[in-house]
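Hydrogens, waters and symmetry mates are skipped; everything else that's a heavy atom, side chains included, is used.
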Amino acid sequence: MFLEPYLLTGPLRIIMFFVLILLIHRIISARVSAQTALNFLIPTITLILSAVLLGGFILVLTNTFDLFVIICIVIGLIALTFMNLNYKRPIKDQLQRIYTRTILYAVIKLEKRKSFLDRDNIIKPKYKNRGEGLSQFHKNWQLAIGFLLPVVTYISRSSMFNEDVFTLSYDWFNKLNLVNGLSFKTWFFHPGEMMGDYLIINLYAKLTHITNAQALQSFGLLESALLSLIIYWVVYKISRKHAPGILAGLSFALLYGFLPINIDLLAEHKSVFTALIIAVPTMFFGIYPQSFRFNRKLIFGWFVVLFTTILILDLFVGLLIVPIFLFILFFFKFKNNLKQVFQVILAYLSSLSLIAIIYGVAAIIKDQDIGAFVISNLFSFDAYTYNPSLVVPFKELIYYYQVTGIVFLLITIFKYIRKPHKWLASLIFLIFINVLFGLYHIDEVLLDLDLLSQLLCVFIPIFFGIILNIIVNLISIFKTQSQLITIVEVVSGAAVILGIAIFTFPSSATLNFEANKTENNVFEAYSKIQSENLPYSYAVVNSLPYFSFSNNNHYYYNYDYFNETYIQRDRKFNRYKNNEDYLQNNPDIILPETMFVFIYKNLRENNRGRKGEFKTQQLLTQERIDLLEAKGRAVKVYYKTNLLEVYQIANRPRASNINELLF
């Protein structure tokens, strides 16, 4: 299934879009960051994603969330970055100087017949950033891992799609409705939903020009692939070694036998995962703020953006998990870095106050109980933990993790006493993860264990990476980290994970697209229809559960309408279709330019009565299509498999298909 175009299109386009943004930033910037490879990429992704989400939230609040507005804002930001204005000096003089330089630059390039963009536009002086430089060897490792790890995660998750029970389920259609109807009126007070990730999915669909259904379906894969990369980077920064980071990333991608992952819900996007894409790097930034590429004056503002984004995405992470980490961070940094840790905590409190005010005002306007809404977001309504692929029951597995965590925590405390700066991050993360293990033993009435399980899916791999780093440090006989030692460690770590994965990987995994599954056929058919035709230029005839595909995209008719009414309207429309005056006075007889009719060949309805009724309905629909074809209407098979046929009825030729309209 992972090779299907409707799942690959979105991720590939968003990667190309991000590369384009980085290239434009490189060209227009006066200086570039001294950070390279993933040390540049991960903070950049985190900050851009946070800024985009917060900006989108503001656009929704002001009822201006639209692709044209977003493009205008991006162009404006690019122009401001290019001008590099100093707002402490007169703006008019600076604009005049920029105008003069631009004219001279264009004239010189034209006279010398040189390209407007050349090597000088790419190679720029670098900002000074002490201690962040990477050797070419480590840079190559990071780039290779940055490419391969997300691909491995994507393939691994895709191989489980034959177990998927989420796609086209009741919950799937509910989430699609939230994506389709995103606006100020629909943003607030959905029980169990914070809407932040739906904003990202909607924007993801807009920027990549795919349907909202395609975006919803592929976003779960995209967030898992990105999370594996972030897990690797954070562990690498903690350990300063590639092997622990690779082990952590591959554990998240492959070790289903050791993580509480629901293999039948891998296609579902998870707000906890989306929040952790920002929260995990933010936790590391809290320990080492110098990992930012910005000066100290901007750090507080960016922390406010990061924490606000986390709260917009998921309250379970924002209200319960982040404060626990900040408390541990304060305990270790209040003595020597009080100002620094106070800045981080103040940024979190500012973000919390901002979100509380916005939702408080919305609660007053909409007459909603904000307390009940907050509680509903701390407990999951549609997530559950079912782990048949685990090597042992998770309650037993969490006990082993807890014991191992305490043992290595004691070792880390001893090492921290000797070298505080080197082991600070390892100690803070180990304490935090041990607290999460301890929380799992709390009664479910007080804490949602299903959401905590999703959280542990990310932090257990980080736990594995930190443990490996401690073990390597204990048994290492070399004082220096040579290239050969790095290669041996990486290959050994990857071999161990792959070996374990081979024996514990679910036997149901397959890399073949399951064409004999009706849900896959329906999704593929809709993806083809929506991507090839102009919105609201066509209508679809299908069962009522698939009505959500039509929201804000095309017209929807049920089978009863098509079987009982359509033939009469078709007769009148074709009689008067060239009589413009009659059509203007009788618009009710005008048919959509194109009709797509779904005919199911294999029904899996458990209720025999309903199955018989639906089968009769389908046979009648097929008769109506045959009748239209006999009358000479433009009818053809648009999509066909063993389980599904979609017929296209063209009432107006070349009036719906985008390519036909353009060419």
Does some side-chain heavy atom of [Y] sit less than 4.5 Å from a side-chain heavy atom of [X]?
X      : Y      : value
Val344 : Phe285 : no
Leu409 : Leu427 : yes
Leu449 : Gln454 : no
Ile466 : Thr412 : no
Ile365 : Val361 : yes
Leu222 : Tyr204 : yes
Leu352 : Leu319 : yes
Val280 : Phe459 : yes

Tell me the side chain to side chain donor-acceptor pair (under 3.5 Å) pairs involving residues 421-439, sequence neighbours left out?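 Matches after skipping sequence neighbours: Gln402-Asn434.
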
Please name the pair of heavy atoms, one in [X] and one in [Y], separated by the smallest distance, quoted to 0.1 Å.
X      : Y      : value
Val304 : Ser351 : O-OG, 2.9 Å
Gly245 : Tyr232 : C-CD1, 3.2 Å
Ile370 : Ala363 : CB-CB, 4.0 Å
Thr153 : Ser228 : OG1-OG, 3.0 Å
Leu447 : Leu452 : CD2-CD2, 3.8 Å
Trp187 : Met194 : CZ2-O, 3.9 Å

Ring pair (Phe, Tyr, Trp, His ring centres under 6.0 Å) involving Tyr416 - partner list, sequence neighbours excluded: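 Listed in chain order: Phe332.
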
Could you list the residues that satisfy ring pair (Phe, Tyr, Trp, His ring centres under 6.0 Å) with Phe258, not counting sequence neighbours?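 With sequence neighbours excluded, Phe258 shows a ring pair (Phe, Tyr, Trp, His ring centres under 6.0 Å) to no residue whatsoever.
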
List the residues meeting side chain to side chain donor-acceptor pair (under 3.5 Å) with [X], not counting sequence neighbours, and say none if there are none.
X      : value
His269 : Asp197
Thr46  : none
Ser271 : Asp314

To the closest 0.5 Å, what do you measure between [atom1] ([X]) and [atom2] ([Y])?
X      : Y      : atom1 : atom2 : value
Leu148 : Leu250 : CG    : CG    : 9.5 Å
Leu436 : Leu455 : CG    : CG    : 5.5 Å
Leu216 : Ile210 : CG    : CD1   : 10.0 Å
Met283 : Ile324 : CE    : CD1   : 9.0 Å
Leu456 : Phe463 : CG    : CZ    : 11.0 Å
Leu320 : Phe316 : CG    : CZ    : 5.5 Å

Apply side-chain contact (heavy atoms from CB on, under 4.5 Å) to the pair Ile287 and Phe325, showing each step before the final yes or no. CA-CA 10 Å; Ile287 302 172; Phe325 186 87; 3.9 Å; yes

Going by the rule side-chain contact (heavy atoms from CB on, under 4.5 Å), which residues pair with [X] if we only count those two or more places apart in sequence or in a different chain?
X      : answer
Thr211 : Ala213, Gln214, Gln530
Leu203 : Val52, Phe65, Ile70, Leu207
Leu226 : Ile45, Ile230, Ile277
Leu229 : Leu38, Ile42, Pro150

According to ring pair (Phe, Tyr, Trp, His ring centres under 6.0 Å), does anything in residues 339-366 pair up with another residue at least two apart or in another chain? List the pairs.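 Non-adjacent pairs meeting ring pair (Phe, Tyr, Trp, His ring centres under 6.0 Å): Phe188-Tyr359, Phe307-Tyr348, Tyr359-Phe373.
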
Stepwise side-chain contact (heavy atoms from CB on, under 4.5 Å) check, Thr64 with Ile58: CA-CA 9 Å; Thr64 55; Ile58 294 171; over 6 Å; no

Step by step, would you call Ile246 with Leu149 a side-chain contact (heavy atoms from CB on, under 4.5 Å)? CA-CA 8 Å; Ile246 292 176; Leu149 192 54; 6.0 Å; no

Checking [X] side chain against [Y] main chain: does a donor-acceptor pair fall under 3.5 Å?
X      : Y      : value
Ser453 : Pro260 : no
Asn202 : Leu182 : no
Thr274 : Lys270 : yes

Check the angle between the aromatic planes of Tyr401 and Phe464 and answer parallel, tilted or perpendicular using the 30° and 60° thresholds.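 Ring orientation, 0 to 90° scale: perpendicular.
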
Ring geometry between Phe432 and Phe429 (parallel below 30°, tilted from 30 to 60°, perpendicular above 60°):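 Aromatic pair Phe429/Phe432 classed perpendicular.
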
Using distance alone, with no hydrogens and no angle criterion, decide if [X] and [Y] have a side-chain donor and acceptor under 3.5 Å apart.
X      : Y      : result
Asn473 : Lys241 : no
Tyr154 : Ser224 : no
Gln217 : Trp172 : yes
Lys175 : Tyr198 : yes

Flag the pair Phe284 / Tyr288 as yes when their ring centroid distance falls below 6.0 Å, and as no otherwise.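 Yes, the ring centres sit under 6.0 Å apart.
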
Could you go through residues 11-19 and list every donor-acceptor pair under 3.5 Å that involves a side-chain atom there, pairing it with any protein atom two or more places apart or in another chain?
from: Arg13; atom 1: NH1; to: Thr208; atom 2: O; distance (Å): 2.6
from: Arg13; atom 1: NH1; to: His209; atom 2: O; distance (Å): 3.0

Set out, in order, the CA-CA distance, both residues' side-chain angles and the distance that settles side-chain contact (heavy atoms from CB on, under 4.5 Å) for Leu311 and Val317, then state yes or no. CA-CA 8 Å; Leu311 290 166; Val317 176; over 6 Å; no

Between Tyr440 and Phe394, does a ring pair (Phe, Tyr, Trp, His ring centres under 6.0 Å) hold up when you go through it step by step? CA-CA 10 Å; Tyr440 197 84; Phe394 190 66; 5.1 Å; yes

Is the terminal nitrogen or CZ of Arg157 (NZ for Lys, CZ for Arg) located under 6.0 angstrom from the six-membered ring centre of Phe273 and within 45° of that ring's axis?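 The answer is no, since Arg157 fails at least one limit relative to Phe273.
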
